[in-house]
Amino acid sequence: QVQLVESGGGLVQPGGSLRLSCAASGNIFSINTMAWYRQAPGKQRDLVATITNGGSTNYVDSVKGRFTISRDNTKNTVYLQMNSLKPEDTAVYYCYCNAATRRARLEWYPYWGQGTQVTVSS
């Protein structure tokens with residue numbers, strides 16, 4: 001199994017910044033894509049940004065130029081630097097990865113973190 005633990009959420013004023021971290025641990029053989037999703041109250045969970053193990057990134061249009069996703073493969077950790085935050089960025093942010101374990105190196109499964117709350121408000 002693979003466990004994902006997020007940290008770094010909180011309350012910030014509009015225009016402020018936050019940095020989310022997500023560390024993967026467990027019986028990991030390899031991690032392919034890592035990503036951040038978010039879910040606002042009463043809405044579905046939406047993709048925010050993705051990063052491959054080679055470092056290729058992709059962002060939803062609403063966060064381009066404001067958010068930066070990065071990862072440290074030596075630590076199995078993904079980050080989300082969020083700048084120029086807006087009230088509409090308020091949501092629970094979830095970490096995601098696609099990983100294979102040492103017991104089943106050819107089998108890839110999705111794993112999710114428990115979520116961290118980000119609130120943008122004055």
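Just so you know, residue 1 is the first one in the sequence shown, and it goes up from there.
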* **Main-chain N/O of C95 paired to E6 side chain as donor or acceptor, under 3.5 Å** => yes
* Nearest-0.5 Å distance, CD of residue Q114 to SG of residue C22 -> 8.0 Å
* Structure fact -> Hits for side chain to side chain contact (heavy atoms under 4.5 Å, CB included) against V118, two or more places apart or cross-chain, chain-then-number order -> L18, L20, M82, Y93, V120
* Minimal non-hydrogen separation, S17 against S84, with atom names -> OG-N, 4.4 Å
* Structure fact -> Taking every heavy atom of F67 against every heavy atom of Y59, the minimum-distance pair comes out as O-CE2, 3.3 Å
* Asked: What residue pairs, at least two apart or across chains, pass disulfide bond (SG atoms under 2.5 Å apart) with a residue in residues 32-94?
  -> none
* Would you give the length of the straight line joining atom NZ of K86 to atom OG of S62, rounded to the nearest 0.5 angstrom? => 8.0 Å
* Structure fact -> Sorted by chain and number, sequence neighbours left out, side chain to side chain contact (heavy atoms under 4.5 Å, CB included) with V5 holds for none
* Mind checking what makes side chain to side chain contact (heavy atoms under 4.5 Å, CB included) contact with N53, not counting sequence neighbours? -> N32, R71
* Could you tell me which residues satisfy side chain to side chain contact (heavy atoms under 4.5 Å, CB included) with S121, sequence neighbours excluded, listed by chain and number? => L11, T119
Under 3.5 Å, which donor-acceptor pairs do the side chains of residues 102-113 form with other protein atoms, sequence neighbours left out?
{"residue": "R102", "atom": "NH1", "partner": "N27", "partner atom": "OD1", "Å": "3.3"}
{"residue": "E107", "atom": "OE1", "partner": "Y109", "partner atom": "OH", "Å": "3.0"}

* **Heavy-atom check, side chain of V60 versus side chain of L47, under 4.5 Å** => no
* Asked: Out of curiosity, does V48 fall in the hydrophobic cluster containing V12 (side-chain heavy atoms, cut-off under 4.5 Å, transitive links)?
  -> yes
* Asked: Is there a path from I31 to V2 through hydrophobic residues (I, L, V, M, F, W, Y) whose side chains come within less than 4.5 Å of each other?
  -> yes
* Structure fact -> Shortest non-hydrogen pair, A35 vs I69, comes out as CA-CD1, 4.2 Å
* Measuring from Y96:OH to L4:CG, what's the distance to the nearest 0.5 Å? -> 10.0 Å
* C97: disulfide bond (SG atoms under 2.5 Å apart) partners, not counting sequence neighbours -> none
* **Where Q117 and A91 come nearest, the two heavy atoms and their spacing** => NE2-O, 3.4 Å
* **Cluster overlap I28 with V78, hydrophobic side-chain contacts below 4.5 Å** => yes
* Would Y79 and I51 show up in the same hydrophobic cluster when neighbours are defined by side-chain heavy atoms closer than 4.5 Å? -> no
* Pairs meeting criterion disulfide bond (SG atoms under 2.5 Å apart) with involvement of residues 27-59, two or more places apart -> none
* **By side-chain hydrogen bond (donor to acceptor under 3.5 Å, both in side chains) - contacts of Q3 (at least two apart)** => none
* Asked: Under the salt bridge (charged side-chain N to carboxylate O under 4.0 Å, His left out) rule, what pairs show up with a residue in residues 36-52, not counting sequence neighbours?
  -> R38-D89
* side-chain hydrogen bond (donor to acceptor under 3.5 Å, both in side chains) partners for S7, two or more places apart -> none
* Does D72 have any side-chain hydrogen bond (donor to acceptor under 3.5 Å, both in side chains) partners at least two apart in sequence or in another chain, and if so, which? -> T74
* Supply the atom-to-atom distance T52 OG1 to N58 CG, rounded to the nearest 0.5 angstrom. => 10.5 Å
